[in-house]
Amino acid sequence: KDRSMKENEILKIYGTDYKEMTKLLLTEAELESRIPAKNARIGIKPNLVAPSEASWGATTHPEIVAGIIEYLQDHGCRNLVIAEGSWVGDRTEESFEVCGYRKLSEQYGVPLLDAQKDTHFTKDCDGLKLELCSCVKNIDFLINVPVLKGHCQTKITCALKNMKGLLPNTEKRHFHAMGLHRPIAHLAKGIRQDFIVVDHICGDLDFEDGGNPVVKNCIMVSRDPVLVDTYVCGLLHYGIEEVPYIQMAEQLGAGSTDLEHAKIGVLAEEGTYYLEGSAIWDEELPYADKVVAVQDLVQEVESCSACYGYLLPALDRLRKEGLLEQLGEKICIGQGYRGKHGKLGVGNCTSGFDFCVKGCPPTETEIYEALKRYIVLGTLTQEKRN
């Protein structure tokens, strides 16, 4: 009897031995039965958005990838590669080092592929032409290992959005110019995800680049990236209509949003039990609030994730210090401000503004310090006038 995981299933496990938990999930899902051949080129795609340790809430725990590698090698699969490209503004090589993947590569003999240095090609992704990294063509079976976390522009990021790491930097910028949701949906047709292992250990529920981890010590597996992201929306208290690329991807045939007929299972010591009805939301996650509290101060037009992602936590720091209420105007950010003039901007795209925090992108600390100076100087000037 075929016990391998069905497309409408999501399996979860809780604990703190992340490597062994991963191997148990892959065994329960009978991942081996889905791999086309022992010599198939298997790509493992973590989320290493920036050089920060996984405990920070932004990047994939290396123990999960270690579990995947050990499972595959134990089943005779040796043609493995870890492929990733960090976001614009950070170097993947540094992320490999800081996040523990250089050590992982040496320990298991699995090469690292820096997608930022890869060549690229044009592919028609169901009606939308996108530039993809060439490594995509050479992977026979792709295992996506995203982090379940919030995102300052798309509210959530998990399985579908994690494929952006296999785009050249020029295309990543282009995605933001196109509005993110439509290209992310089409990307699901351009790069097929054969299996998903979700790092739900301690993702930041507000910011893609971490800093406010929420510990859940959970790992999930599935075959359907659309179903995974639909479930993640519910866990983070969003309706799927609030994350448009999910339904767009379903309409393109990349997966299903049908949670009503999904099977959500939990692997425990006594075996696997399945959750029903409202019990599928078996864990309480806090509402994301840091983004909501500060995003009304921003006028964003086609901004890249890194630039916007560094701005919002910087604003949150200023909010906690009671300084934001002294900011008299909105902050402009994004590619849409290139060549334009204004009062206050962040990033090189607003270099024509009266006050600009320069960088592509400027870091969170650079933004925080520059805006703090701007606010303090503005306050002092106003006091002198009075």
Side-chain angles (χ1 to χ4, degrees), residues 1-35 42 44 46 54-55 57 60-77 108 141 143-149 156 158-159 193-203 205 213-237 255-286:
K1 184 180 179 180
D2 179 17
R3 294 193 298 109
S4 62
M5 172 172 275
K6 306 300 186 290
E7 286 193 26
N8 69 332
E9 284 188 86
I10 296 174
L11 287 177
K12 310 171 69 173
I13 192 170
Y14 293 89
T16 54
D17 190 342
Y18 308 135
K19 184 174 74 171
E20 290 305 314
M21 288 160 58
T22 302
K23 292 165 72 174
L24 286 171
L25 279 176
L26 300 187
T27 300
E28 180 69 13
E30 292 193 353
L31 176 61
E32 180 200 7
S33 67
R34 309 220 59 83
I35 298 170
I42 301 174
I44 301 171
S55 60
T60 303
H61 282 73
E63 299 96 325
I64 294 178
V65 175
I68 295 171
I69 293 171
E70 285 193 12
Y71 173 89
L72 293 171
Q73 291 182 343
D74 287 346
H75 287 83
C77 300
Y108 292 101
F141 191 89
I143 300 174
N144 185 15
V145 199
V147 178
L148 189 163
K149 55 184 176 177
I156 71 130
C158 196
Q193 302 179 36
D194 296 290
F195 198 76
I196 303 110
V197 181
V198 179
D199 180 341
H200 181 27
I201 293 170
C202 63
L205 306 186
V214 176
V215 177
K216 297 308 297 184
N217 285 329
C218 177
I219 302 171
M220 303 190 289
V221 296
S222 179
R223 290 175 53 196
D224 183 344
V226 176
L227 190 67
V228 164
D229 282 12
T230 302
Y231 186 51
V232 169
C233 273
L235 289 175
L236 295 184
H237 311 285
S256 172
T257 63
D258 186 7
L259 273 183
E260 184 179 347
H261 296 97
K263 295 179 66 178
I264 312 294
V266 178
L267 184 57
E269 287 185 9
E270 61 273 16
T272 300
Y273 62 91
Y274 287 87
L275 307 173
E276 297 181 359
S278 60
I280 68 170
W281 316 112
D282 63 329
E283 52 183 89
E284 286 293 326
L285 286 173

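Between Ile196 and Ala159 the shortest heavy-atom distance is CG2-CB, 4.2 Å. Across all non-hydrogen atoms, the minimal contact from Met21 to Thr16 is SD-N, 3.6 Å. For Ala54 against Cys202, the heavy-atom pair with the smallest separation is O-SG, 3.5 Å.
With hydrogens and angles ignored, the 3.5 Å screen pairs no side-chain donor or acceptor of Glu283 with any backbone N or O of Cys218. Judged by distance alone, the side chain of Lys216 and the main-chain N or O of Glu284 form a donor-acceptor pair under 3.5 Å. Distance alone, capped at 3.5 Å, is enough to place a donor-acceptor pair between the Thr60 side chain and the Val145 backbone.
Interatomic distance, Ile64 CD1 to His200 NE2, rounded to the nearest 0.5 Å: 11.0 Å. Within the model, atoms NZ of Lys23 and CG of Asp17 stand 9.0 Å from one another, a figure rounded to the nearest 0.5 Å. Taken from CZ in Arg34 to CG in Leu26, the straight-line distance is 13.0 Å, to the nearest 0.5 Å. Here the OG1-CG distance, from Thr257 to Asp229, works out to 11.5 Å after rounding to the nearest 0.5 Å. Atoms CD1 and CG, on Ile42 and Leu31 in that order, are 7.5 Å from each other to the nearest 0.5 Å. Put simply, CZ on Phe195 and CD1 on Ile35 are 9.5 Å apart, with the number rounded to the nearest 0.5 Å.
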Check the pair Leu227 / Leu259 against side-chain contact (heavy atoms from CB on, under 4.5 Å), numbers first and verdict last.
CA-CA 7 Å; Leu227 190 67; Leu259 273 183; 3.9 Å; yes
Go through the steps to decide whether Asn8 and Asp258 satisfy the test side-chain contact (heavy atoms from CB on, under 4.5 Å), and finish with yes or no.
CA-CA 8 Å; Asn8 69 332; Asp258 186 7; over 6 Å; no
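By the neighbour-count criterion of 12 heavy atoms within 6.0 Å, atom CD of Glu270 is densely surrounded, having more than that number from other residues, nucleotides or ligands.
In this structure, His61 and Tyr18 have perpendicular ring planes: the angle between them is above 60°, well past the 30° mark.
Side-chain N/O atoms of Tyr71 and Glu32 include no donor and acceptor closer than 3.5 Å.
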